[in-house]
Amino acid sequence: MNKITLDVWVGILVAIGIVALFGLATKVGNLTSNNIKNTYSINAYFENIGGLKPRAPVKSAGVVVGRVQSIIFDTEAYHAVVNINIDGRYVFPKDTFANIYTAGLLGEQYIALEAGGDLENLAPGDRITQTQDAVVLEKLISQFLYNSASEGGK
Amino acid sequence: MIRLGAGTRLFFLILIYSADSFKRIHLIIKEIYFIGVLSLVIIIVSAFFVGMVLGLQGYYTLEKYGSSEAIGVLVALSLVRELGPVVTALLFAGRAGTAITAEIGLMKATEQLSAMEMMAVSPVARIIAPRFWAGIISMPLLASIFSMVGVLGGYLIAVPIIGVDDGAFWSQMQANVDFSNDIIDGVIKSVVFGFACTMIALFEGFDAPPTAEGVSHATTRTVVISSLAVLGLDFVLTSFMFV
């Protein structure tokens, strides 16, 4: 085997390897989809975030407009502070409403933003106070049981 | 214990002589050809079948829960995180590791290594170090190819044959496979496995008694120890990475 053919074959191996890694990154992984530049961050305060995780999508009208950056617990107000990065192309009014919803029956949780009617827009670093917590199944069930029990008593 | 110490000594010798072997890069390229390029066929064929089996089995289970669209995630995550690096390393140990051990063991048995030392050529620089680096370079490339071909195999079963929705297959996969967490960790795993497999193969060859029986035993040990090392390391790495 002469040296040129050897080099060509090794070159082919390296090329296929890099193409495969690139394919994994773009086609299988989320390198392209989460590569939003020009984001601004806002904070949302929730009483209960349920199973929300960092990097969960933030959607408005079903369109992904950003991602959850970090979730911390505020020991002064005993609230969860969710830091959200929003794509710089999208602006939201100051009285935007943030809900935590679940995608599908068993799916992951995400934040849905519902735009309000304020004339001013959210600026970087602003906080959203109008929020709706994640639905906790036990609370829902106990509420349901309580209601049906009180109805049965009538 | 003695063998572990001797193995570590060989590793440091390799590091010391690596500069020499990087100067003669064509030696490394030649070894990448033997270790990497010639393993391509077995890697691609087995990746394709592993991907197809994952597609079939995954569909069978997921369909019971009415979430057969998640099959893309299942196939991609199991390949990228576990099966890609591990199966590649096992095949690599069987295909390339044994060849390395047998070759070096035979060189020792026929006193080629001693002859080199007589000519003031270090066998570590000329024979061992190029194979070591070739193994470490080849392994991540082969593992990436394995994962990608496996995903394509799973796609072939899931989308055209079973009829899972094309868009859901890819979009669920992209939503749930993370580049830095899953793919890069898979690559790190394959580098570690490449190191372990090549090092074990080299050491067993170098340490083999210079007889026909000694070389055959060393080759067997290469496969056994490499496989166990890969599976053990995989457990350790997984518990570090994906907790």
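All chains are named by letter (A, B, ...) in the order of the sequence lines, taking the proteins before the strands, and each is independently numbered beginning at 1. What's counted below: heavy atoms across the whole structure, side chains too, no hydrogens, waters or symmetry copies. Owing to the predicted nature of the structure, the values given are computational and were not obtained by experimental measurement.
- Heavy-atom distances place no part of B/Val73 under 4.5 Å from chain A, backbone and side chain included.
- The heavy-atom pair separating A/Gly17 from B/Ser144 by the smallest distance is O-CB, 3.9 Å.
- Within a 6.0 Å sphere centred on CZ of B/Arg126, other residues, nucleotides and ligands contribute 12 heavy atoms or fewer.
- Environment of OH in B/Tyr17: sparse, with no more than 12 heavy atoms of neighbouring residues, nucleotides or ligands closer than 6.0 Å.
- Shown here is A/Ile4, whose CD1 atom has no more than 12 heavy atoms of other residues, nucleotides or ligands within 6.0 Å.
- Of the atoms belonging to A/Val14, heavy atoms from both backbone and side chain fall under 4.5 Å from chain B.
- Heavy atoms of B/Val37 lying under 4.5 Å from chain A belong to its backbone as well as its side chain.
- Neither the backbone nor the side chain of B/Val149 has a heavy atom closer than 4.5 Å to any heavy atom of chain A.
- Contact check for B/Ile183 versus A/Leu21: side-chain heavy atoms found under the 4.5 Å cut-off.
- Separation of atoms CG (A/Leu6) and NE2 (B/His26) is listed at 10.0 Å; rounding is to 0.5 Å.
- With a 4.5 Å cut-off on non-hydrogen atoms, B/Leu40 touches chain A through its side chain but not through its backbone.
- Nearest heavy-atom pair, B/Tyr33 versus A/Val10, reported as atom, atom and distance to 0.1 Å: N-CG2, 3.7 Å.
- Residue A/Phe144 places its CZ atom among 12 or fewer non-hydrogen atoms of other residues, nucleotides or ligands, all under 6.0 Å distant.
- No side-chain heavy atom of B/Asp182 sits under 4.5 Å from any side-chain heavy atom of A/Leu24.
- Heavy atoms of B/Ile137 lying under 4.5 Å from chain A are absent altogether.
- Per-residue counts of heavy-atom pairs under 4.5 Å with chain A were compared for B/Leu77, B/Ile32, B/Ile145; the largest is that of B/Ile145.
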